[in-house]
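Numbers for residues simply follow the sequence, beginning at 1. Both ligands and their constituent atoms are indexed starting at 1 by order of listing. For the numbers below, each heavy atom of this structure counts, side chains included, while hydrogens, waters and symmetry mates do not.
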Amino acid sequence: MRIVGLTGGIASGKSTVSNLFKANDIPVVDADVIARNVLKKGSGGWKRVVAAFGEEILLPNREVDRPKLGQMVFSSDSKRQLLNKLMAPYISTGIFWEILKQWAKGAKVIVVDIPLLFEAKMDKWTKPIVVVWVSQETQLNRLMERDGLSEEDARNRVMAQMSLDLKRSKADIVIDNNGCLDELHQQFDKVLSEIRRPLTWTEFWRSRQGAFSVIGLVTSGIFVCKTLN
Ligand SMILES: CC(C)(COP(=O)(O)OP(=O)(O)OC[C@H]1O[C@@H](n2cnc3c(N)ncnc32)[C@H](O)[C@@H]1O)[C@@H](O)C(=O)NCCC(=O)NCCS
Ligand SMILES: Nc1ncnc2c1ncn2[C@@H]1O[C@H](COP(=O)(O)OP(=O)(O)OP(=O)(O)O)[C@@H](O)[C@H]1O
């Protein structure tokens, strides 16, 4: 199985690109969705986060007040690191199970959309790595517009992540998303044909079909040996 890593910065356009993959029948595992489930009321992650940050981060219905927690962690490195430490094991386990589900379904190529792919050192599990890049000016403008944030809050969020220029230098494939959506679509078509190229042998052995081939070969080998003896 080919596990394509999709990453970028906050509001650089990862979800826009992952929607294009989904529209082309490529399954996408979304770390933000998994992270949201980890913070659902009553879950293990919720209990640890509430124990560490206090009940003041809860809404009257006892769900986490996400904008409030976001305000806290994006303006304090130590609080953000604490939140990351508490949630990381749940998020990585969630990603692992979602990949396993796709493997069991026989998917040959999947995309994992992980905003913090490099920061969380998960890049070693994915190949190729696609980085959705924008200039910092475009990033701030799109973030302020989408989330209705002040410039200061938007900057705090951008600064909480590894710089997009550094991420770009670590990428196998770069999508430059500074332009309009039509330009994005044109680049996406090239990326799609790149990631749909035939699997390498290593990727094939990692797929469900490859694993079954190994089992088939070993079983027939044992059968042949027994017959010859
Ligand atoms: C702080 C929280 C509650 C704010 O929620 P909110 O709904 O406002 O934002 P949302 O979850 O949609 O995240 C939006 C974007 O923020 C960025 N971001 C989220 N968490 C972090 C973080 N810990 N460090 C840096 N950037 C982050 C990502 O680019 C993400 O795509 C939430 O982001 C969270 O639980 N973060 C910790 C979990 C995590 O690390 N998520 C990233 C998945 S790898
Ligand atoms: N090429 C583009 N032209 C104009 N607007 C765009 C373009 N690409 C994305 N956008 C807009 O920019 C905003 C950010 O995009 P998107 O939500 O896909 O980013 P993201 O990287 O998934 O963000 P996050 O890290 O917060 O999940 C959205 O409002 C989206 O509609």
Peer 1: More than 12 heavy atoms of other residues, nucleotides or ligands under 6.0 Å from NZ of K127: yes or no?
Peer 2: no

Peer 1: Ignoring hydrogens, what is the shortest heavy-atom contact between V130 and V4? Give both atom names and the distance.
Peer 2: CG2-CG1, 3.8 Å

Peer 1: Strictly below 4.0 Å, N to O, side chains only: are K170 and D123 in salt-bridge contact?
Peer 2: no

Peer 1: Give the intermediate values and the outcome of salt bridge (charged side-chain N to carboxylate O under 4.0 Å, His left out) for residues E55 and R62.
Peer 2: CA-CA 8 Å; E55 300 232 339; R62 300 191 64 76; 3.1 Å; yes

Peer 1: Test S18 against every option in V29, V132, D32, V28 by the side-chain contact (heavy atoms from CB on, under 4.5 Å) rule and name the one that passes.
Peer 2: V28

Peer 1: Less than 4.5 Å apart, side chain to side chain, heavy atoms only: is that true for R142 and N177?
Peer 2: yes

Peer 1: Please output the residues near ligand 2 using a strict heavy-atom distance under 4.0 Å, listed in chain and residue-number order.
Peer 2: G9, I10, A11, S12, G13, K14, S15, T16, D32, R142, R146, N177, G179, C180, L181

Peer 1: Would you call D165-R168 a salt bridge at under 4.0 Å N-O?
Peer 2: no

Peer 1: Donor-acceptor pairs under 3.5 angstrom involving side-chain atoms of residues 143-152: please list them, not counting sequence neighbours.
Peer 2:
from : atom 1 : to   : atom 2 : distance (Å)
S150 : OG     : D153 : N      : 3.1
E151 : OE2    : R155 : NE     : 3.2
E151 : OE2    : R155 : NH2    : 2.8

Peer 1: Using a threshold of 4.0 angstrom between heavy atoms of the protein and any atom of ligand 1, which residues qualify?
Peer 2: I10, A31, D32, A35, R36, L39, R66, L69, G70, V73, F74, R80, L83, N84, M87, I91, I114, P115, L116, R157, A160, Q161

Peer 1: Run the side-chain donor-acceptor check on residues 105-116: report pairs under 3.5 Å with partners two or more places apart or on a different chain.
Peer 2:
none

